[in-house]
Participant: 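Let me give you the structure first, and then I'll get to my questions.
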Amino acid sequence: MKRCLCFFIICALTLTLAMPAAAFAEDTPVTEETTSEEPAAEPVVPSTEEPGTEPEEPVAEPEEPAEEPEQPEEKTVKIPKKCFVDKTDKKYSYKDMEKDLKQLEETYWDRIHVSSLGTTADKRKIYCVCLGNPKAKKQIVVTASIHAREYINTPMIMYILERYCRQYDKGKYQKKTYRKLFEKTCVYVVPMANPDGVAISQYGPKAIRDRSLRRLVQTTKKYKNTYRKWKANARAIDINRNWSSGFGKGYLHKKRYSENYCGKRAMSEAEVKALKKLVTKKCKNCKTVINLHTMGEVFYWGYTGKTKKAELKLKKIVRDTTGYWPIRETGAGDGDFEHYLKNIVKVPYVCIENGKGLVPNKHSQFTRMYKKNRTLLEQIAGLYY
Ligand SMILES: [Zn+2]
């Protein structure tokens, strides 16, 4: 109603104004704004069409079809036919892992988050993957390949992670989907805690990019005189002997060596600092830490002094699932991560020694190891649901 009234007023005014203007209207350029067929005197003057037709409002700009606001495409997870992690890869390298992490995060954006806990001496990232809700109130931590030559655990835990991603909404533990389980208790996985060391064990010192670091590796004495059995990081410090609980104790080499050398001071190594940050800062309510090592098909555990219940439940799960023999740890340790977890962080932990025979393990052991570890995470997360 208001529109019609306005229109009539405007039209009446226009007619009065347009009459004298018509005389010189021919010279007046027709602007884009003018919608009338007749030349208009003023560009802003509205149409002089007969009233009664649908009134056209004066517009400053030619009317363009209203653009639909762009709707963001709904992002859904499409499970690819093939797995990203190649379980047949005998030398699953840092680069392979990096590529898979990227693809996993892109594909399973709603269930996996990748971050870096720090950078090694040879500038490799210490990656950390969060499976489930990163804001979950409870966390479980898994580390693999703290010892370089034990790198078979890296593709194994990556393959386990991928399995959870693929079956996130269909797979269940005690009638709860993995999504439900890991939304409540998320799992932080460090699939390759010692990437420089792994590179040395897989490809020798040529894999070290920093010249002085490479020289250091080349001049370090090594067990059995082979780089394949390298256990330490690229600074020739064993990052499972660099922790503050029991630092410098136990059987150790006095100077840098491919294994069992603790360094000059506790907690000096980037890899150790990264793991410390994870278990003390990033995970405010860490319930369990699982460290994956090889070999011997045994596992280490211990009482934290806080509770015996959680430790015993964890021990039972690991024993029943893997069938490995449990070994209880006491005392201050020898600068290893486990005793730091037991005595300082006071969190229930296990150190699982997968595999049999010599290290690095033959790749033929992968399937057996995978089967023994496959359901551990859901069972432990189930404890804290
Ligand atoms: Zn080890």
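Side chains are part of it too, since the values below use all heavy atoms of this structure and drop only hydrogens, waters and symmetry mates. Please read these numbers as outputs of a predicted model, since none were measured by experiment. We count ligands from 1, going down the list as the structure has it; atoms in each ligand are counted the same way.
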Participant: What distance do M97 atom CE and Y151 atom OH have between them, rounded to the nearest 0.5 Å?
Facilitator: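 Answer for the CE-OH pair, M97 versus Y151, is 14.5 Å.
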Participant: According to salt bridge (charged side-chain N to carboxylate O under 4.0 Å, His left out), who are the partners of R124, at least two apart in sequence or on a separate chain?
Facilitator: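 Salt bridge (charged side-chain N to carboxylate O under 4.0 Å, His left out) check on R124 returns D122, D196.
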Participant: With distance as the sole test, does D334 use its side chain to make a donor-acceptor pair with the main-chain N or O of R241 at under 3.5 Å?
Facilitator: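 Checked: no pair found.
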Participant: Are there any protein N/O/S atoms under 2.8 Å from the Zn ion (ligand 1), and if so, which?
Facilitator: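 Near the Zn ion (ligand 1), the protein supplies H147 ND1, E150 OE1, E150 OE2, H293 ND1.
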Participant: Tell me if the centroids of the rings in H253 and Y251 come within less than 6.0 Å of each other.
Facilitator: yes
Participant: Applying ring-ring contact (aromatic ring centres under 6.0 Å, His included), which residue pairs with at least one partner in residues 78-135 are found, sequence neighbours left out?
Facilitator: none
Participant: Applying ring-ring contact (aromatic ring centres under 6.0 Å, His included) as the test, list every pair that has at least one member in residues 182-224; sequence neighbours left out.
Facilitator: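 Applying ring-ring contact (aromatic ring centres under 6.0 Å, His included) to every pair that reaches into residues 182-224, excluding sequence neighbours, yields Y164-F182.
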